[in-house]
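Taking it in order: structure first as structure tokens, then the write-up.
Reminder, nothing fancy here: chain letters follow the sequence lines and each chain counts from 1. Values below: every heavy atom of this structure, side chains too, minus hydrogens, waters and symmetry copies.
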Amino acid sequence: MHDIRFIRDNPDAFDRALARRGLAPEAKRLIALDELRRAKILELETAQARRNAASKEIGEAKKNKDEEKAKGLLSEVAALKETMPKMEVEEKTASKALDDALAQIPNLPLDEVPDGKDEKDNVEHHRCGAKRNYAFAPKQHFELGEALGQMDFETAAKLSGARFVVLKKGVARLERALGQFMLDVHTSEPHNYTEVAPPLLVLDQTMFGTAQLPKFAEDQFHFFPDEVLREHARQTIEIVWKQALDFVTERGMAGARAKEGTFEKGEFDYRVNPDRRWLIPTAEVPLTNLVRESIMDEAQLPMRVTACTPCFRAEAGAAGKDTRGMIRQHQFTKVELVSITTPEQSKDEHERMLSCAEEILKRLDLHYRVVTLCTGDMGFASQKTYDIEVWLPGQNMFREISSCSVCGDFQARRMNARYRSKDRNVRHVHTLNGSGVAVGRALIAVMETYQQADGSIAVPEALQGYMGGLKTIEKQ
RNA sequence: GGAGAGGUGGCUGAGCGGUUGAAAGCACCGCACUCGAAAUGCGGCAUACGGGCAACCGUAUCGGGGGUUCGAAUCCCUCCCUCUCCGCCA
């Protein structure tokens, strides 16, 4: 969420930054909404000030037994109160219009972020490790997993539909080992993140805080309690029934077809609904919101937290993409890193976070590269993002395994997360998040990288302690 | 799920219809005292929004929303949350 005062003071810079993301200018429209809002506030507050002053005068007049004066004031307040409800509604409407518009606008890229349209314009930052040579044609992870009898997509589809998997035996344990290993690395020196086990189900305002809402609702899984859905259905039917009745009364049955499709949905607010819960698409959501609506002490910053959680994504826009294998699932495990910092700390923290994520791949001895995302490929809340792409020999390409973003105060504004600086001022914190790393995709990378000619998987040294000393995953 | 108690500033805690944005204490900041520190004394100390070049002024906020009233932290309704007891349950 942007600060409207910044936009007011720097409309051209704001629009130029949006243009770098390939977006149309917004400053003029936003400033107009803001002016309307402020005019309405002024109008309302002037009336309230008069009402309050008059009320005090009434108190005094009554104390002085000046009934005449009290009466006059009373009628003045009565007249004022006639017009005030309308002002209140107008003020609320104007403020909401501005807030809604602001909530739809993505964060601005930092100066050093490369301009570009899509992932083809991302810029390689550096590489680590090298492609291995195989004396055979390397297979993809699902070929390996299915041949081992430890990765079962068909059964998963029976249970849950497409984009789920059932893991078994060594492969299941390998996934667990990866998560444990990553958490252990991040919670010890020198990374020093604090381990957190957060809720996986969150409220609307929490999803709004990290900017999954309102714009990306279709990418998420959510649910309402049954009684809320029943009530909604009841209201909708009532409204449709009434509209149909009105229409028929007005024009007779013959004209009814013409109006097809125009029946409105009920007055069910899909934007903020206190009865709704969302499955988290990433632990970034609960971890970042840990500090929502609070004022931190500067001494507590930077605050670093990590969690290993399941993540749930509807993958609505990815129909037909990566349909084979575990690359793109509705449910996957991920270790997430989140830092809460002061504005001065966030840029260094971003580099630090990237190196923490890289450390995992180094210890697993996986080949990867780091790219700086271009303006057109960055996420909604991000000011700057590094992706880590791991080499998959079976797929013969680099695939994203981590994404580290610095969000500035964009999320902090939405969450109202602040800190008290040493000079006693209260300011918004900066937030950062990154995968450290995606466990599902790390599993894929390990399987494809460590595959052997006979289809077995060598267990990386760093993981053997987590696998009870197991050195090879083989068919059983 | 049932019964009861309660939600006030960073914390503890008063207020229960009219200079109460809110006593008092703690914490914190400044000053004095001191070679320094402690102790003590004096002063300061909420957030957001709006207006103003500024000094400053206004509005809102005592869990959320709604109502009564000229006026609500105080009265009424409703929702949420916390605690205690009972029931159910992984």
Side-chain angles (χ1 to χ4, degrees), chain A residues 1-9 30-99 102 197 199-206 208-209 224-228 231 267-269 271-277 289 291-301 303 310 409 412-429:
Chain A
M1 188 87 112
H2 291 289
D3 181 0
I4 185 63
R5 275 170 299 196
F6 172 84
I7 299 171
R8 222 146 66 193
D9 296 342
L30 294 169
I31 289 170
L33 285 170
D34 182 49
E35 267 162 20
L36 177 65
R37 167 185 147 265
R38 286 191 291 162
K40 291 299 171 191
I41 287 174
L42 191 60
E43 192 180 293
L44 209 216
E45 290 192 349
T46 307
Q48 286 171 324
R50 183 55 208 143
R51 180 203 60 194
N52 291 351
S55 289
K56 257 180 202 169
E57 288 170 39
I58 289 168
E60 265 168 50
K62 289 205 165 173
K63 212 185 285 171
N64 301 332
K65 305 263 188 259
D66 189 347
E67 290 300 331
E68 196 71 8
K69 191 177 177 197
K71 231 179 198 171
L73 287 163
L74 237 40
S75 66
E76 186 195 342
V77 172
L80 211 49
K81 284 178 64 168
E82 286 283 302
T83 56
M84 280 177 59
K86 184 168 161 263
M87 294 181 188
E88 276 168 35
V89 169
E90 288 177 349
E91 188 275 322
K92 268 189 192 157
T93 307
S95 292
K96 191 165 170 358
L98 177 63
D99 287 345
L102 244 23
L200 308 180
L201 259 34
V202 298
L203 298 168
D204 281 24
Q205 58 262 39
T206 310
F208 180 85
F224 292 92
D226 275 358
E227 66 268 25
V228 173
E231 175 60 18
E267 290 295 303
F268 197 65
D269 194 345
R271 276 165 303 196
V272 178
N273 195 301
D275 298 309
R276 176 168 50 182
R277 297 283 139 88
N289 277 280
V291 297
R292 70 175 296 111
E293 289 158 47
S294 67
I295 300 177
M296 317 271 297
D297 207 36
E298 181 163 357
Q300 296 170 268
L301 305 177
M303 175 180 128
D409 64 8
R413 282 182 192 288
R414 301 170 81 100
M415 298 188 297
N416 198 219
R418 293 164 298 169
Y419 77 103
R420 196 180 300 278
S421 64
K422 289 194 190 96
D423 53 26
R424 320 285 306 148
N425 286 129
V426 175
R427 296 194 288 168
H428 287 104
V429 296

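Regarding M84(A), its CE atom lies at a distance of 9 Å from the P atom of rG71(B), rounded to whole Å. Counting to the nearest Å, the C1' atom of rC49(B) and the CZ atom of R413(A) are 14 Å from each other. Here rU61(B) presents its P atom at 10 Å from CD of E88(A), a figure rounded to the nearest Å. Atoms CD1 (I4(A)) and P (rA48(B)) sit 18 Å apart, rounded to a whole Å. Taking atom OH of residue Y419(A) and atom C1' of nucleotide rC28(B), one finds them 18 Å apart after rounding to whole Å. Note: CE (M87(A)) to C1' (rU59(B)) measures 14 Å, nearest angstrom. What separates CG of N52(A) from C1' of rU20(B) is a distance of 14 Å, to the nearest Å. Nucleotide rU68(B) holds its C1' atom 9 Å from the NZ atom of K81(A), rounded to whole Å.
Summary of the strand contacts: K56(A) and V426(A) both lie near RNA chain B, and taking for each the nucleotide with the nearest heavy atom, the more 5' one is attributed to K56(A). Both R51(A) and R5(A) sit near RNA chain B, but only R5(A) has its closest nucleotide nearer the 5' end.
The partner of rG50(B), taking Watson-Crick or G-U wobble pairs whose two distances both stay under 3.5 Å, is rC57(B). In a base pair of the Watson-Crick type (N1 to N3 plus N6-O4 or O6-N4) or a G-U wobble (N1-O2 and O6-N3), with each distance short of 3.5 Å, rU82(B) is matched with rA5(B). Summarising the base pairing, rA32(B) is matched to rU40(B) through a Watson-Crick or G-U wobble pair whose two defining distances lie under 3.5 Å. Across all strands shown, rG71(B) has no partner, as no Watson-Crick or G-U wobble contact with both distances under 3.5 Å is found. Base pairing annotation: rU12(B) forms a Watson-Crick or G-U wobble pair with rA24(B), both donor-acceptor distances under 3.5 Å.
Residues M1(A) and R413(A) share a closest heavy-atom pair of O-CD, 2.9 Å. Between S95(A) and R37(A), the shortest heavy-atom distance links the atoms OG-CG, 3.5 Å.
Between N416(A) and rU47(B) there is no side-chain polar atom (N or O) within less than 4.0 angstrom of OP1 or OP2. Under 4.0 angstrom from either OP1 or OP2 of rA48(B) there lies no side-chain N or O belonging to R427(A).
One P atom belongs to rC79(B), the other to rA23(B), and the distance between them is 33 Å to the nearest Å. Separating the P atom of rA73(B) from that of rU20(B) is a span of 13 Å, rounded to the nearest Å. Comparing the same atom, C1', in rG87(B) and in rG21(B) gives a spacing of 45 Å after rounding to whole Å. Between rG43(B) and rA5(B), the two P atoms lie 43 Å apart (nearest whole Å). Comparing the C1' positions of rG13(B) and rA22(B) gives an interatomic distance of 12 Å, to the nearest angstrom. Annotation: rA37(B) and rG25(B) have their P atoms spaced 25 Å apart (nearest Å). Taking atom P on both nucleotides, rG64(B) is separated from rG10(B) by 13 Å, rounded to a whole Å. One C1' atom belongs to rA72(B), the other to rU19(B), and the distance between them is 16 Å to the nearest Å.
With a 4.5 Å cut-off on side-chain heavy atoms, N289(A) and V202(A) do not count as touching. In this structure, the side chains of L102(A) and I7(A) come closer than 4.5 Å at one or more pairs of heavy atoms.
A49(A) comes within 4.0 angstrom of the backbone, heavy atoms only, and of no base. Among the heavy atoms of the strands, none lies under 4.0 Å from D297(A).
Set against rU47(B), rC70(B), rG50(B), the side chain of R8(A) has rG50(B) as its closest nucleotide. For Q48(A), taking side-chain heavy atoms from C-beta onward, the closest of the listed nucleotides rU47(B), rA60(B), rC49(B) is rA60(B). Closest to the side chain of R420(A), out of rA60(B), rG66(B), rU47(B), is rU47(B).
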**Q.** Contact state string [nucleotides 74-83 of chain B, B base, S sugar-phosphate only, - no protein heavy atom under 4.0 Å]
**A.** ----------
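Listed by residue number, the members of residues 31-45 of chain A with any heavy atom below 4.0 angstrom from RNA chain B are R37(A), R38(A), I41(A), L42(A), E45(A).
Looking at R8(A) and E35(A), no side-chain N of the basic residue comes within less than 4.0 Å of a carboxylate O on the acidic one, giving no salt bridge. For the pair R5(A) and D9(A), the salt-bridge criterion is not met [side-chain N within less than 4.0 Å of a carboxylate O]. Electrostatic pairing of E90(A) and K86(A) counts as a salt bridge here, judged by a charged N lying under 4.0 Å from a carboxylate O.
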Q: Given side-chain contact (heavy atoms from CB on, under 4.5 Å), test M87(A) with Q48(A) step by step and report yes or no.
A: CA-CA 10 Å; M87(A) 294 181 188; Q48(A) 286 171 324; over 6 Å; no
(Q) Between I58(A) and V77(A), is the side-chain contact (heavy atoms from CB on, under 4.5 Å) condition met? List the steps. (A) CA-CA 10 Å; I58(A) 289 168; V77(A) 172; 4.3 Å; yes
(Q) Apply salt bridge (charged side-chain N to carboxylate O under 4.0 Å, His left out) to residues E45(A) and R38(A) and explain how you reach the verdict. (A) CA-CA 10 Å; E45(A) 290 192 349; R38(A) 286 191 291 162; over 6 Å; no
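For the atom pair L80(A) CG and L73(A) CG, the distance stands at 11.5 Å (nearest 0.5 Å).
Take R420(A) and apply the side-chain hydrogen bond (donor to acceptor under 3.5 Å, both in side chains) test, not counting sequence neighbours, and it matches no residue.
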